Engineer: 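This is the structure, below, for whatever I ask next.
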Amino acid sequence: MSKPSGKSMDEIVALCRRRGFIFQSSEIYGGINGFWDYGPLGTELKRNLKNAWWEDVVLREMVGPDGKTIEMVGLDSTIIMHPKVWEASGHVAGFNDPMVGCKTEGCKRLFRADKVFMVDLGLDPSGKHVDVGVEADSKAKAEELAIGIAKRFKIRHDANPNPIAFSVLEEFAEIPTDMQRFPCPNCQHRTLTPPRPFNLMFESHSGPIQSDDNKVYLRPETAQGIFVNFLNVVNTTRVGVPFGIAQQGKAFRNEVTPRNFTFRSREFEQMEIEFFIHPSTAKEWYAFWRDNRFAWWQSVGLTSANLQLREHEKDELAHYAKEGAGTSDIEYRFPFTAPGFGELEGVAHRSDYDLRQHAEHSGLRDKMKYFDQERNEKYFPHVIEPSAGADRGTLALICEAYTPDPSRPSGVYMKFHPRMAPVKAAVFPLVNKEGMPEVAEKLYRELRKKWVVDYDPKQSIGKRYARMDEAGTPYCLTIDGQTLKDNTVTVRYRDTLQQERIGIDRVGEFLGQKIGSAQV
RNA sequence: GCGGGUGUAGCUCAGUGGUAGAGCGUCACGUUGCCAACGUGAAAGUCGACGGUUCAAAUCCGUUCACCCGCUCCA
């Protein structure tokens, strides 16, 4: 694999384990595929990212494209909701896509059953019926493609064929043995498995008795919790369109192949905004959030060319976004995706799809519409959704921070933005005697009232600096012989290895300046 | 779900049927005193798991789990 970033994912994973950023879940039992735990340093890092998001999105004053202060409120909805939520959102149908696989050696492809068609091409010159397998979005499309496929596989067919497509799902799902008649769209061998359900939502049961009557789902996205609370928020706060609801929380998806460390986990955490707007303002708000969110990721330390903003092509757009102002991804070039990129956050104009769906399925219908005093108009607001992955973001911070440096004892250091660094500063007595530990401990106790700081009196000073380099601690404060005479300490900078002396009474002020939250 | 690879101490690895090892890290004591210093010592291993072959298995066989790579999937 090419590594334009010059960073090895294996080494990053090893450091994460060694220093306590990320462990495999249930490791002593052999681990469990797709689940990861955060160790002491990783927990602080992820918390810093989530807190920065909350501060910058919900708490901090921000001016929108209309020149007014943005209204944003928080929400904390449950992971398990009424199952109808997921019928309304389309997840029950979407997540139950049956799949068919091809058993032929060398093919072994997997297809969504609803996209697999058998197309009848009439009689070949010897009078035999000819069918080809086609993968397409619709019957019409399959009929269009069929002759080209027959040509590619040199399958002889009727001189004037009238292609007729049959859907695997509709025609064959009930009688699995009939699948033997079905050619594989990839290799044309009649070796497809019967359709098997692929349920991407986690299921459970609410109540002690398991039955279909009390089946529930673990949410596959936090967004629906916001949509179903739309009316509650409008009715209980003084917010009015345009306004946003922000939520952080766990979501669950039975990914087919969890892979790439924490990048594709089955349990993961989202940071989502649903920003409700008048449909006529979609363009401005979409552009605003897209640019704002891209700038935010840069502000927390993803400053290199490894971060990019990518506008979606028309054919990638989700069903609810086809006619909208657009969708874009904020992407990071991880060592395991390089030279490609992996998604950190998607910013999508979801139109009024979700609110309409819930209005329909809940029976509330027009009662779910929003009444806009200013416009004297009742409507379903449109939504701009910036939806970010907290675990993916944390992983990007780790990959970005990882900086090999053979010239220093640790061989590597974690160059976190000070605002993101799990440990902000470490306090060392140069020598663990002669009154230095007492002074150092006093400083440590003072600083830990406000920041995550570390105190380490043991072993050589070089070893202590090296350990802090691997943890990504930006500042080390050392109490030495001179401190006892003039009340100054040395500040050692992680990135430059430079040192300077500052007054011990100025350390708090120094850290406040350096760590203070970044402006977007 | 398919194919390939890997799995021995916290980490990196050695160990091809016969008493489980090294370096680094960790901890303690001493020494040193601004970049993983030195000395002494200590803790630390179900050899991924289960089963089989064998007098004897980290080693051979089977199954399984996890991770990595390539497909596939990612509404």
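First the proteins, then the strands, lettered A, B, ... as listed; each starts at 1. This is a predicted model, so every value here is computed, not measured.
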Engineer: Rounding to the closest angstrom, what is the interatomic distance between B:A42 and B:U46 at atom C1'?
Structural biologist: 23 Å
Engineer: Which part of the nucleic acid does A:Phe428 contact within heavy-atom distance under 4.0 Å: base, sugar-phosphate only, or nothing?
Structural biologist: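 No contact at all - A:Phe428 keeps every heavy atom at 4.0 Å or more from the nucleic acid.
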Engineer: Counting only side-chain N and O atoms of A:Asn260, is one of them less than 4.0 Å from OP1 or OP2 of B:C68?
Structural biologist: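 Looking at the OP1 and OP2 atoms of B:C68, neither is under 4.0 Å from any side-chain N or O of A:Asn260.
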Engineer: Walk along nucleotides 29-44 of chain B from 5' to 3' and tag each nucleotide B, S or - by protein heavy-atom contact under 4.0 Å, base first, then sugar-phosphate.
Structural biologist: ----BBBBB-------
Engineer: Who are the ring-ring contact (aromatic ring centres under 6.0 Å, His included) partners of A:Phe263, not counting sequence neighbours?
Structural biologist: A:Phe334, A:Phe336
Engineer: On a whole-Å scale, what distance lies between the P atoms belonging to B:C68 and B:G30?
Structural biologist: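 Between the two P atoms, the distance is 45 Å.
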Engineer: Once salt bridge (charged side-chain N to carboxylate O under 4.0 Å, His left out) is applied, what residue pairs with a partner in residues 394-405 of chain A remain, sequence neighbours excluded?
Structural biologist: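 Applying salt bridge (charged side-chain N to carboxylate O under 4.0 Å, His left out) to every pair that reaches into residues 394-405 of chain A, excluding sequence neighbours, yields A:Asp405-A:Arg408.
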Engineer: Sequence neighbours left out, what passes side-chain hydrogen bond (donor to acceptor under 3.5 Å, both in side chains) with A:Lys50? Give chain and number order.
Structural biologist: A:Glu269
Engineer: Using the C1' atom in both, what is the distance from B:C65 to B:G48, to the nearest Å?
Structural biologist: 7 Å
Engineer: With sequence neighbours excluded, tell me which residues meet side-chain hydrogen bond (donor to acceptor under 3.5 Å, both in side chains) with A:Glu11.
Structural biologist: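 Listed in chain order: A:Tyr402.
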Engineer: For A:Gly342, answer base if it contacts any base atom (sugar-phosphate contacts may also be present), sugar-phosphate if it contacts only those atoms, and nothing otherwise; contact means non-hydrogen atoms under 4.0 Å.
Structural biologist: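 Here A:Gly342 touches no strand at all.
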Engineer: Does anything in residues 420-441 of chain A form a side-chain hydrogen bond (donor to acceptor under 3.5 Å, both in side chains)? List the pairs, not counting sequence neighbours.
Structural biologist: A:Glu441-A:Arg445
